[in-house]
Amino acid sequence: MRIGLISGHQIGELKKTQIIEIETEYGKVFVTASKLAKHEVFSIGRHGRESNIPPHKINYKANIQALVDCGVKRIIALNTVGSLKNSIKPGDIVVPHDFIDFTKNRSYTFYDDRRFHIDMSNPFCPELRNLIYENAKKIKKTGVHDKGVYLVTEGPRLETISEIRMFSNFSDIVGMTLIPELVLAREKGLCYASLCIVSNMAAGLQSVLKAGDIIKISKEEGDVVSKIIISTIESMGSRIKCSCRDVIKGAEI
Ligand SMILES: [Zn+2]
């Protein structure tokens, strides 16, 4: 099967790596193609080749279209998030099951000229979520959460204390990169699930929050995350049993 990986991390141990340049109608994307077990893996650095594109400027449409053009059926996303709950600590892993979108100014759909309304009552692929969770549990043992509501902010600024107080009533983790990536993947009928690595407690839940702290923990946890991703892909069969592909049927009026 062809599997897409969208992350800000380098994943170790991927063999026979080759960088391909894909020209989509939304822009150019560099994709790293590799093999793992019986699968072909196509990886994209969400923040661009130089890792310098901020969340609100990421070309989400080009990234998803490039993976579609590569023939990808499933996407595993890696996201760095802040925790909104005392029970979720820095270094923990959350496999979210739902989201709340507080972004403001992004390009949210492939269908600007048609009335296409994608169902979001079950936004993440249940089969892929379960695989990520089982493999994360096997490798990391503690601090792995099988559910979570991901609240997405526009950024690039971090949140105020009052915003965090409000968000924490309705969600578990906060970040800037899930939307519109997930929505665009669903519009293409792809399976999508996210592995979220918690880098910090959100504003007001820890003393001072610096952007450097966020980078530090995602680097420290990089090896564990790589192992979980590799193990998840290796454990994947070649048949898809979920119904993510069917979501696009009946979405158009
Ligand atoms: Zn699925």
Side-chain angles (χ1 to χ4, degrees), residues 1-7 9 11 14 31 33-44 46 60-79 81 93-101 108-111 116-139 144-150 152 172-173 175 177-197 225 228-252:
M1 193 193 304
R2 294 186 170 190
I3 299 155
L5 202 57
I6 307 181
S7 72
H9 298 258
I11 306 296
L14 291 175
V31 179
S34 38
K35 290 222 160 130
L36 187 62
K38 49 186 180 291
H39 304 295
E40 290 174 78
V41 182
F42 297 86
S43 317
I44 291 179
R46 189 186 278 120
Y60 295 98
K61 269 190 194 172
N63 287 349
I64 295 295
Q65 187 62 53
L67 292 178
V68 169
D69 293 348
C70 289
V72 158
K73 302 285 176 232
R74 289 184 145 173
I75 295 175
I76 301 173
L78 266 103
N79 302 85
V81 296
I93 279 169
V94 181
V95 186
H97 72 289
D98 206 353
F99 71 87
I100 297 176
D101 180 13
Y108 296 97
T109 180
F110 283 111
Y111 300 97
F116 194 93
H117 306 283
I118 195 81
D119 179 61
M120 279 289 142
S121 49
N122 198 7
F124 295 92
C125 172
E127 200 180 324
L128 197 49
R129 278 190 66 241
N130 191 46
L131 274 178
I132 294 171
Y133 173 70
E134 292 298 333
N135 283 282
K137 225 37 239 276
K138 195 172 73 190
I139 286 157
V144 182
H145 306 265
D146 67 340
K147 278 177 133 181
V149 177
Y150 182 138
V152 198
D172 304 296
I173 48 177
T177 50
L178 185 74
I179 300 296
E181 192 174 277
L182 175 154
V183 179
L184 296 169
R186 298 296 280 181
E187 283 189 348
K188 293 289 182 186
L190 306 179
C191 296
Y192 183 104
S194 161
L195 187 166
C196 292
I197 175 88
V225 169
I228 295 169
I229 295 293
I230 286 164
S231 166
T232 300
I233 294 172
E234 283 175 344
S235 68
M236 225 178 262
S238 47
R239 278 190 55 221
I240 294 178
K241 295 176 197 140
C242 60
S243 55
C244 299
R245 276 168 300 174
D246 301 330
V247 176
I248 49 176
K249 290 180 195 159
E252 188 160 16

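Residue numbers count from 1 along this sequence. Both ligands and their constituent atoms are indexed starting at 1 by order of listing. These numbers were taken from a predicted model, which means no experiment stands behind them.
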Under 2.8 Å from the Zn ion (ligand 1), the protein N, O or S atoms, given as residue and atom
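Sorted hits: Cys125 SG, Cys191 SG, Cys242 SG, Cys244 SG.
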
Using 30° and 60° as the class boundaries, would you call the ring planes of Phe124 and Tyr192 parallel, tilted or perpendicular?
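Taking Tyr192 first and then Phe124, their aromatic rings sit tilted (interplane angle of 30° to 60°).
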
Tell me whether Glu127 contacts the main-chain N or O of Ile240 through its side chain, where contact means a donor paired with an acceptor under 3.5 Å.
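Flag not set: sc Glu127 to bb Ile240 has no pair under 3.5 Å.
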
Closer than 3.5 angstrom, by distance alone: can the side chain of His39 be matched with the main-chain N or O of Arg2 as a donor-acceptor pair?
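No, His39 side chain to Arg2 backbone: no donor-acceptor pair under 3.5 Å.
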
Which heavy atom in Ile76 sits nearest to a heavy atom in Ile229, and how many Å separate them?
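Between these two residues, the closest heavy atoms are CG2-CD1, 3.7 Å.
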
Only one of Ile75, Val68, Asp69 forms a side chain to side chain contact (heavy atoms under 4.5 Å, CB included) with Val72, so which one is it?
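Filter result, single survivor: Ile75.
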
With a 4.5 Å heavy-atom cut-off, do Asp146 and Lys137 have their side chains touching?
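SC-SC contact between Asp146 and Lys137 ruled out.
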
